[in-house]
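All ligand and atom numbering here is 1-based and tracks the order in the structure.
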Amino acid sequence: MSRLFQHSLSKEWSFKDSTDESEGVWMPVPSVPSVVHQDLLANNKLEDPFIGFNELNAKWVNEKTWTYRNVFQKPEAAPGSTIILAFDGLDTFAKVKLDGNVVLESNNMFLAHRVDVTKALEADGKHILEIDFDCAMLRARELRGQDPKHKWASFNGDPARMSVRKAQYHWGWDWGPVLMTAGIWRDVRLEVYTARIADLWTEVQIAADHQEATVSAFAEVDGAAGSYKAKLKLSLQGREVASEETTVDKGNTAKVMFNIKNPSLWWPHGYGDPTLYGLSASLTDGQNELHHVSKKIGIRMAEVIQQPDKYGKSFFFQINGVDIFCGGSCWIPADSLLTNITPERYRKWVESMVAGRQVMTRVWGGGIYEDDSFYSACDELGVMVWQDFMFACGNYPTWPELLDSIRKEATYNVRRLRHHPSIVIYVGNNEDYQVQEQNGLTYNYEDKNPENWLKTDFPARYIYEKILPEVVKELAPSTFYHPGSPWGDGKVTSDPTVGDLHQWNVWHGTQEKYQVYETLGGRFNSEFGMEAFPHLQTIESFIENEADKYPQSHVIDFHNKADGHERRIATYFAENVRTATDLETYIYLTQVIQAEAMMYGYRGWRRQWGDERRCGGALLWQMNDCWPGISWAIVDYYLRPKPAYYAVARVLRPLAIGIQREHHDWSVTHAEPPKTSKYSLWIASSLLKGVSGKVELRFISVQTGLEVRERRVWDDVRIHANGTTDIIIADIIDHMVYPEAHVLAARLWVDNDIVARDVDWPQPFKYLDLSERGLDVKVSESGSDDLQKLRVSTRKPVKCLVFEERDGVRVSDSAMDIVPGDEQIIIVKGLRGDTLKYKYLGQ
Ligand code: BMA
């Protein structure tokens, strides 16, 4: 018997418009995986759809059918071996023909396919592989038309999208263009073997004292009848920790159980090392190795704690028994053309989450089950993954074939992903229960008979409460399953006492002031957001004419897909800042508003973590973008951070100090200033040990930079581990005694180092005169290793000092408030002797 052999089919493809029968229409495909837009771009048949209005000129592509063709040589195959044509993903309606015979038809982009072509490839020599990709846009409409009784309620994209298992954002979303890709979007190859390891997975148990773990490892074998042996091995940093050889049983599975003493556990970053063990399986026929597979696994326990408490029912994560406040963000596909994203780019994204102190990313349900390299980066760097199943913002139909396809999709993807220690929860969908509510669809939580659900006008409950939990229970029994985001015990999805919550009454909905975010949270805030313009250079990347470089130009509006975005941006502008018309200042102001909003959200909710885990986490909407546009992203398509990225990183420090005066709504009080303001001061800690620190609070005039009131100092504050330490709960500023507008500036020292700062400003900013601040930014040191130190000081308080983002240059902090008597040092890397521009509010 011979070893499994893989023959890549990534080269030698050509493609054409399926309907074009003329000679010479085949165009070369540089390489697959690819999608048709990329291949058209490579052949100069399409202009970059990310530029200007080109998305509209690319519409014709969405409505076409495409044929891909490959002529390949039959690989060598020993007698008795099997030849498989393996597709890891086809986008989406694909008819695969081998030498003219249909060998596969598929209609679900989220599935892999393995076609036995041993017989079809009997003849030596050349064979022709052809794939017809039918038009998903038209097929979706057709399918919708076949079920007129179904209530096609949805938001974002054409509702017909719900009839097709293809990334839903391809139909356009409120942050992305309509680009209906088609193509061989994941790996394609031939495999020749007699037997192979079809799957390799583990079940892990850890003793309560963490001194011991059992790792049960399983290898599933697929192949010709015979007797096989499998050697399973566990290693740590290249050194073998345990191994065992066993025979493959009648059920085609090899099982071993390893007892590991003093295991190195996997931790999210900030809590310990994200240790990974190597797991490998080697399959033999007793003599020769037939196949070898290796994966990285983690030894860890992940739980969602839902316990009744004084606020309702908790919802927070525990890793290895440690409560973790999940500060992080929601993740959308990082490109409209998925095959543009390389493993290196995925890695950079996850690195930027870590540098931004985010411990959780939520793979949102309108995108894709991500590439393996995304999850591997999360495993390696210690970022927890909240994994939605791919359903979003709609009332999905449930034809038997569709349900069947969905079960296969869930099974395939959970099997593919279950070894990743980073994945700590599977969630049924994004906002489908909100669609049910908003459209008055039937959902009787007390009715536990799934067959009845299918007969209601919200049949997809069957998917979220039967199919998906069954699949997770069978394949990843130790991973928590939650039916939807948001969802909580069948209560209304806005219920703040149970489950998770999407808080969109800032920006969407009732358009509350962001200053009150903390009062709007639930037990776990899995979405909330505020739009901001991206970096000027990012905007310049899609603007073709100099004349369009103004804030509300047609092409800029075209790159903002959110309903009513002008009104909403205008609202938050008008309420908070002095309006500007030049593009650069306008960009900056939208960014200040976003940074402030996100800061208010995280700061308040993290404080609640210390109060019986009232808030278990906050995931902002959204980390990233799929094209250069204007959206809620805090890092743009080109990976350029917006100021909010730094503001969030600051409130998520292991030790963060919070100072905040109570909200006084200037709009509803006719701009009459308050007579008194309550304020509070606290420390949030994610450290697992208590520490002592010194706290200082100063009251500094915005106008003069002088202290208007005696500062307060606490010399020996005991800071609680993994919680909140209140220092002041409700002291009062009497504005008759202290009439001058002033900031409250707090600092925290631990072991003589300043570890945290926070500044509370009188709201709104527009009433403050922020001219002539006396800011001084000095280059204090230029290290030989291209490292610059900037010393930043000021005579009067400065709001939101933002350093220019330049590709290749990294700043240690930005979007900072600077107050007199508190010089701050910024480390800049990659500047090569140059200087960085900066901006602050009112400059
Ligand atoms: C949320 C998301 C997305 C959407 C975002 C902004 O609720 O789930 O569907 O892009 O709002 O509107």
Side-chain angles (χ1 to χ4, degrees), residues 153-159 161-162 167-178 328-334 336 360-368 386-396 427-439 460 464 482-488 492-494 499-512 514 517 520-522 524-532 559-569 571-572 590 594 597-598 601 618-627 629-637 644:
S154 73
F155 35 93
N156 289 307
D158 178 350
R161 65 181 167 78
M162 293 183 289
Q168 302 283 281
Y169 81 109
H170 287 168
W171 274 266
W173 217 259
D174 58 5
W175 35 257
V178 185
S329 58
C330 298
W331 171 262
I332 62 166
S336 287
M360 180 176 268
T361 178
R362 169 173 171 246
V363 178
W364 164 79
I368 56 166
W386 166 308
Q387 178 68 49
D388 282 359
F389 282 94
M390 294 303 127
F391 303 88
C393 306
N395 182 34
Y396 281 78
V427 178
N429 69 77
N430 172 77
E431 295 185 352
D432 292 357
Y433 286 97
Q434 286 189 344
V435 172
Q436 171 265 315
E437 265 164 33
Q438 285 168 20
N439 293 278
Y464 317 133
H482 186 57
S485 182
W487 191 85
V492 285
T493 54
S494 53
D500 68 323
L501 182 87
H502 290 188
Q503 185 42 269
W504 279 107
N505 277 330
V506 173
W507 179 271
H508 290 306
T510 50
Q511 290 169 34
E512 302 298 326
Y514 57 74
Y517 255 134
L520 305 174
F524 193 104
N525 304 314
S526 38
E527 270 188 29
F528 62 106
M530 174 62 72
E531 276 205 352
H559 280 243
N560 190 335
K561 304 295 191 185
D563 281 357
H565 58 90
E566 305 102 312
R567 291 176 174 206
R568 288 171 181 149
I569 290 180
T571 296
Y572 288 99
T590 63
Q594 185 191 43
M598 294 302 96
L619 306 175
L620 66 78
W621 185 265
Q622 62 208 69
M623 176 67 178
N624 61 329
D625 266 337
C626 65
W627 80 324
I630 294 102
S631 76
W632 301 267
I634 61 163
V635 180
D636 74 27
Y637 174 75

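When hydrogens are left out, the protein atom nearest atom 5 (C) of ligand 1 is W621 NE1, 3.4 Å; that is the closest non-hydrogen contact. Of the protein's non-hydrogen atoms, E527 OE1, 3.1 Å is the one closest to atom 2 (C) of ligand 1. Nearest to atom 9 (O) of ligand 1 among the protein's heavy atoms is W173 NE1, 3.0 Å.
Every atom of ligand 1 is numbered from 1 in the order shown, and the set under 4.0 Å from a heavy atom of H508 is 6 (C), 12 (O). Numbered from 1 in the order shown, with element, the atoms of ligand 1 that lie under 4.0 Å from a heavy atom of C393 read 9 (O). Under a 4.0 Å criterion applied to the non-hydrogen atoms of N156, ligand 1 contributes the atoms 9 (O). Heavy-atom proximity to E431, at under 4.0 Å, picks out these atoms of ligand 1: 1 (C), 7 (O), 8 (O). Atoms of ligand 1 found under 4.0 Å from any heavy atom of N430 (numbered from 1 in listed order, with element): 8 (O), 9 (O).
Classification of the Y433-W487 ring pair by plane angle, with boundaries at 30° and 60°, yields tilted.
Closest approach of Y169 and G367 over heavy atoms only: CD2-CA, 4.1 Å. Minimum heavy-atom separation, Y572 to E512: OH-O, 2.7 Å. Heavy atoms only, all atoms of each residue included: L520 and L501 are closest at O-CD2, 3.6 Å.
Checked against the 6.0 Å centroid criterion, the rings of W364 and W175 qualify as a close aromatic pair. Between W621 and H502, the distance separating the two ring centers is not shorter than 6.0 angstrom.
Of the heavy atoms in F155, none comes closer than 4.0 Å to ligand 1. By the criterion of a heavy-atom distance under 4.0 Å, neither the backbone nor the side chain of A562 is placed next to ligand 1. At a 4.0 Å heavy-atom cut-off, ligand 1 does not touch Q622 at all.
With Q594 contributing its side chain and M530 its backbone, the two residues share a donor-acceptor pair below 3.5 Å. With N624 contributing its side chain and I332 its backbone, the two residues share a donor-acceptor pair below 3.5 Å.
Here the rule is ring-ring contact (aromatic ring centres under 6.0 Å, His included) with W504, and of W632, Y517, F155 only W632 fits it.
Contact annotation: W507 has no heavy atom less than 4.0 Å from any atom of ligand 1.
The shortest N/O to N/O separation between W632 and ligand 1 does not fall below 3.5 Å. At a 3.5 angstrom cut-off on N or O pairs, D174 counts as close to ligand 1.
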